[in-house]
Amino acid sequence: MKKIISKFFFLSIFVSLISLGGIANSFPTKPIELICSTKAGSGAAAWCEMMANEMSQKGRLGVPITVLYKPGGANHEGVVYTDSKKADGHTILHINGSHSGYFNLPHFTKTFDDFSMVAKVERHLYAIAVRCDDAEIKSWSDLIKIEKANPGTLSMGSNKPGSLHHRQHILINNDQGIKMRFVPYKGTGGVVKDIAGGHLRVGFAQPGKWNKHIKSGVACPLALLNETRLDHPLWKDVPTIGELGAKYTIPHQFQGFMVKKGTSDKIMDEIARAAKAVIDSEAYQAYIKKQPHVIPMFEDDRKSITSNFQQSLKDAKVFMKANGII
């Protein structure tokens with residue numbers, strides 16, 4: 001009798017293992033949520049929506065993917081929500097370069113160690129612009145002149161406290177010897193909207209977000225935050241921050257995915273495979289044609305991108321402490 005029970009016990013375990021393997025191999029088994037770490041209407045939001053739509057297509061993940069915007073608490077809301085879900089790949093968290101700062105913020109209850117990097121997909125460039133009808137600021141040198149004459153006179157809107165945007169704002173101030181004030185937004189869409197509406201004087205956002213306002217004559221870009229100029233009709237004459245005399249190393253933003261720690265390698269491979277298929281698609285080429293700030297940069301070597309991000313976390317922590325962010 002004991003032998004029969006023992007055989008039945010091991011047979012049950014064997015069947016369970018086969019079943020679990022089948023679930024992993026058949027991923028996904030239900031709709032997926034993509035948690036976007038920004039506010040709807042931002043440049044990163046356009047990326048989240050495009051990736052969700054394309055990755056849901058047949059031959060990729062093949063299930064509906066819903067974008068949930070959770071930028072609250074400097075992206076704390078998004079990591080807490082993702083961590084509350086099962087480690088089964090059906091909740092994917094949008095990660096970007098700013099997370100190297102966010103995970104160092106004192107109110108964060110989760111750490112990078114609670115998650116696994118899946119892939120980096122692309123780089124986003126940024127630019128500083130003002131309203132074209134600003135009587136005093138017609139160039140970068142005008143902005144610097146105003147700030148040096150009366151430090152703190154100007155305010156620049158960009159992304160959340162601790163973000164890569166915030167850190168670059170400080171780098172610019174330190175490099176140029178100015179004290180331009182930082183105005184935090186939940187996404188660059190709000191920055192551009194307030195520049196266009198005359199509620200903000202200086203703004204920091206992706207070129208693609210500025211384009212329609214440049215065309216309409218409302219916004220005038222002063223500096224591109226990149227090492228080289230953009231080969232785009234609206235941007236080819238906009239100087240880089242380096243051309244304007246800046247000496248600091250430009251920190252670049254990336255967009256990618258991570259999942260809750262414990263998600264299987266097979267599932268992460270499937271997510272990365274679907275993302276890579278989007279990058280190679282005609283739809284993605286149409287997307288980047290409309291977004292001059294997007295630089296394709298797909299990486300899915302998880303060991304490498306995890307190691308690089310861990311170093312970024314350490315570097316960001318040192319910088320944030322040195323500059324009073326934390």
Looking at [Y], is its backbone amide N or carbonyl O close enough to the side chain of [X] to form a donor-acceptor pair, meaning the two atoms are under 3.5 Å apart?
X: Asn104; Y: Ser100; value: yes
X: Thr306; Y: Lys303; value: no
X: Gln255; Y: Asn96; value: no
X: His90; Y: Thr29; value: yes
X: Asp134; Y: Ile137; value: yes
X: Lys86; Y: Lys260; value: no
X: Ser37; Y: His94; value: yes
X: Gln57; Y: Asn53; value: yes
X: Asp175; Y: Lys247; value: yes
X: Asn323; Y: Phe319; value: yes

Counting heavy atoms not belonging to Asp231, are there more than 12 under 6.0 Å from its CG?
no
Quick check on Lys138: does its NZ atom have over 12 non-hydrogen neighbours (other residues, nucleotides or ligands) under 6.0 Å away?
yes
For Glu54 and Tyr287: C-alpha separation, side-chain torsions, deciding distance, then whether side chain to side chain contact (heavy atoms under 4.5 Å, CB included) applies.
CA-CA 11 Å; Glu54 292 301 318; Tyr287 158 75; over 6 Å; no
Over 60° means perpendicular and under 30° means parallel, so classify the ring planes of His99 and Phe103, tilted if in between.
tilted
Please work out which of the three classes, parallel, tilted or perpendicular, describes the rings of Phe182 and His169, given edges at 30° and 60°.
perpendicular
Going by distance alone, is a donor N or O of one side chain under 3.5 Å from an acceptor N or O of the other, for His293 and Gln253?
no
Sidechain N-carboxylate O distance under 4.0 Å for Asp269, Lys276
no
Give the C-alpha distance, both sets of side-chain angles, the deciding distance and a yes or no for side chain to side chain contact (heavy atoms under 4.5 Å, CB included) between Lys85 and Glu33.
CA-CA 10 Å; Lys85 299 296 182 177; Glu33 291 179 334; 4.1 Å; yes
